[in-house]
Protein chains: 2
Amino acid sequence: MNAELRAQLVERGIAPDCVETIVVVRDVLARVGDKWTMLVLSALKDGPMRFTALHEHVAGISQRMLGHTLGALTRDGLTTRTAYAEVPPRVEYELTDLGRSLAAAVDHLVGWVAQHQDEITDNRARADALD
Amino acid sequence: MNAELRAQLVERGIAPDCVETIVVVRDVLARVGDKWTMLVLSALKDGPMRFTALHEHVAGISQRMLGHTLGALTRDGLTTRTAYAEVPPRVEYELTDLGRSLAAAVDHLVGWVAQHQDEITDNRARADALD
DNA sequence: CGGTATCCTTGAAGATACTG
DNA sequence: CAGTATCTTCAAGGATACCG
């Protein structure tokens, strides 16, 4: 896991707490940057949603990946899971304050991309044109 | 590739330009969130660097992945590649304005993580404690 | 020095089926 | 309804070797 990375960084003379930050930042960025997390966070921005609603709202996600993603988010305290003892069962997911705060930070990045997408796709197209 | 995703989104009645943004945002976030891009961007923040220097500075990256990462960044116009006709050859990479701008946006997110890492790791530890 | 090509391993994620 | 379990596929990424 991250043990070797830590070792490498320490070996390079990087301060321990800085190493810790680097490792966690990577962890969280990897999570945010994965295929679904951002979309789930964004879907939850307007309020609590239940599993099936999320499944329908996030286009293309499988039941399995939705379960995994929500599990990870809840584990990290970014969402809460509330199960109601009803028949049929109902489970709602909601952003925590921490989750909302992260969603805002992500939004900042998303805003940047939205603002510069033309520039990037143009650059890419131009680079590809040269083969 | 992204064709099916586009199709799914369109099918769901999402506005075409919005679909485009979603797709590009995912693309760019996936790139930023990958294992190395952020670290390379961060390494380049203080000025141009040559290939070998980057290889040493970014702990644990393989030559292959450094090549790939720099290729992608350059393709997207986030870095420039300058080769000097010398012996031995020298190649320097440098952030473009666009790249610096992205690095700043990423920094914002990194700042968030750095600020909340304790909270997250605590939550995770607590969740794990319950098995 | 600064890469690219090749091979190979492994983990991420989809499809499908089953359960409280 | 809200998941988990199992199987399988597929591509990211590491090791290694080679080349301009």
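- For the pair R50(A) and dC1(D), the criterion of a side-chain N or O lying under 4.0 Å from OP1 or OP2 is not met.
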Evaluate H108(A) against W112(A) for ring-ring contact (aromatic ring centres under 6.0 Å, His included), listing each step before the verdict. CA-CA 6 Å; H108(A) 189 254; W112(A) 184 92; 9.8 Å; no
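- At whole-Å resolution of the value, CZ in R75(B) and P in dT4(C) are 13 Å apart.
- Minimum atom distance to the side chain of S62(A) is reached by dG14(C), of the listed dG14(C), dC1(C), dG3(C).
- In this structure, I61(B) atom CD1 and dA15(D) atom C1' are separated by 15 Å, rounded to whole Å.
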Would H57(B) and L39(B) satisfy side-chain contact (heavy atoms from CB on, under 4.5 Å), going step by step from the backbone distance to the final call? CA-CA 9 Å; H57(B) 192 276; L39(B) 297 170; over 6 Å; no
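- Counting only N and O atoms by type, the side chains of T37(A) and T69(A) include no donor and acceptor under 3.5 Å apart.
- Contact annotation for Y93(B): backbone-only contact, meaning every heavy-atom pair under 4.0 Å involves sugar-phosphate atoms and none involves a base.
- Counting to the nearest Å, the C1' atom of dC1(D) and the CG atom of L54(A) are 13 Å from each other.
- Between P89(A) and W36(A), it is W36(A) whose nearest contact on DNA chain C lies nearer the 5' terminus.
- The shortest side-chain heavy-atom distance between M38(B) and V110(B) falls under the 4.5 Å cut-off.
- Rounded to a whole Å, the NE2 atom of H68(A) is 9 Å from the P atom of dA5(D).
- You'll find the side chain of H68(A) stays beyond 4.5 Å of the side chain of W36(A), heavy atoms only.
- What separates CZ of R90(A) from P of dG20(C) is a distance of 23 Å, to the nearest Å.
- Straight-line distance from the NZ atom of K35(A) to the P atom of dA11(D): 10 Å, rounded to whole Å.
- For M65(A), whose side chain is taken as the heavy atoms from C-beta onward, the closest listed nucleotide among dG2(C), dA13(C), dA2(D) is dA13(C).
- Applying the 4.0 Å criterion to OP1 and OP2 of dG3(D), one finds that R81(A) has a side-chain N or O inside that range.
- When rounded to the nearest whole Å, the span between CZ of R64(B) and P of dC1(C) equals 22 Å.
- The distance from atom CD of Q63(B) to atom C1' of dC18(D) is 11 Å, rounded to the nearest whole Å.
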